[in-house]
Amino acid sequence: MTAKVSPISFRLLPDTKAALDKAAADDRRSVSSLLDKIVTEWLEAKGYLEKL
């Protein structure tokens with residue numbers, strides 16, 4: 001069973017958004033998928049989220 005996801009929105013500076021778009025495309029991911037990966041890895045590294 002897949003966990004429910006919670007939508008989130010926030011604002012980014014145009015240069016940050018452009019870099020994020022490019023990074024996602026380069027990694028063949030959606031922006032949402034890349035942000036999920038970045039946030040999850042950061043939370044795991046800081047000990048806020050248990051590594052799976």
Side-chain angles (χ1 to χ4, degrees):
M1 182 174 168
T2 304
K4 272 185 116 173
V5 295
S6 298
I8 186 171
S9 90
F10 53 94
R11 298 174 192 270
L12 295 173
L13 294 172
D15 290 346
T16 303
K17 175 66 167 76
L20 182 60
D21 288 338
K22 181 172 180 354
D26 288 351
D27 207 30
R28 295 184 175 188
R29 295 177 172 272
S30 66
V31 169
S32 179
S33 172
L34 181 58
L35 285 171
D36 182 62
K37 179 178 189 280
I38 291 167
V39 170
T40 299
E41 289 177 355
W42 187 88
L43 291 169
E44 287 174 346
K46 298 292 185 176
Y48 293 105
L49 186 63
E50 186 175 324
K51 293 184 182 184
L52 299 177

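- The list of side chain to side chain donor-acceptor pair (under 3.5 Å) pairs with a residue in residues 5-19, not counting sequence neighbours, reads Lys17-Asp21.
- The hydrophobic cluster containing Ile8, built from Ile/Leu/Val/Met/Phe/Trp/Tyr side-chain heavy atoms closer than 4.5 Å, comprises no other residue.
- Under the salt bridge (Lys or Arg N to Asp or Glu O under 4.0 Å) criterion, no residue pair touches residues 43-52, with sequence neighbours excluded.
- Scanning for side-chain contact (heavy atoms from CB on, under 4.5 Å) contacts around Ser33 gives Arg29, Ser30, with sequence neighbours left out.
- The side chain to side chain donor-acceptor pair (under 3.5 Å) test applied to Lys4 returns no partner, not counting sequence neighbours.
- Applying the under-4.5 Å side-chain rule to Ile, Leu, Val, Met, Phe, Trp and Tyr, the cluster around Leu13 consists of that residue alone.
- Here the closest heavy-atom approach between residue Ala24 and residue Leu34 is recorded as N-CD2, 3.5 Å.
- Atom CG of Leu20 is separated from atom CG of Leu35 by 4.5 Å, given to the nearest 0.5 angstrom.
- Taking Ile, Leu, Val, Met, Phe, Trp and Tyr as hydrophobic and joining them when side-chain heavy atoms fall under 4.5 Å apart, one finds Leu49 in a cluster with Val39, Trp42, Leu43, Tyr48.
- For Glu41, the side chain to side chain donor-acceptor pair (under 3.5 Å) partners two or more places apart in sequence, or in a different chain, are Lys37.
- Every residue two or more places apart in sequence or in another chain that forms a side-chain contact (heavy atoms from CB on, under 4.5 Å) with Asp36 is listed here: Thr40.
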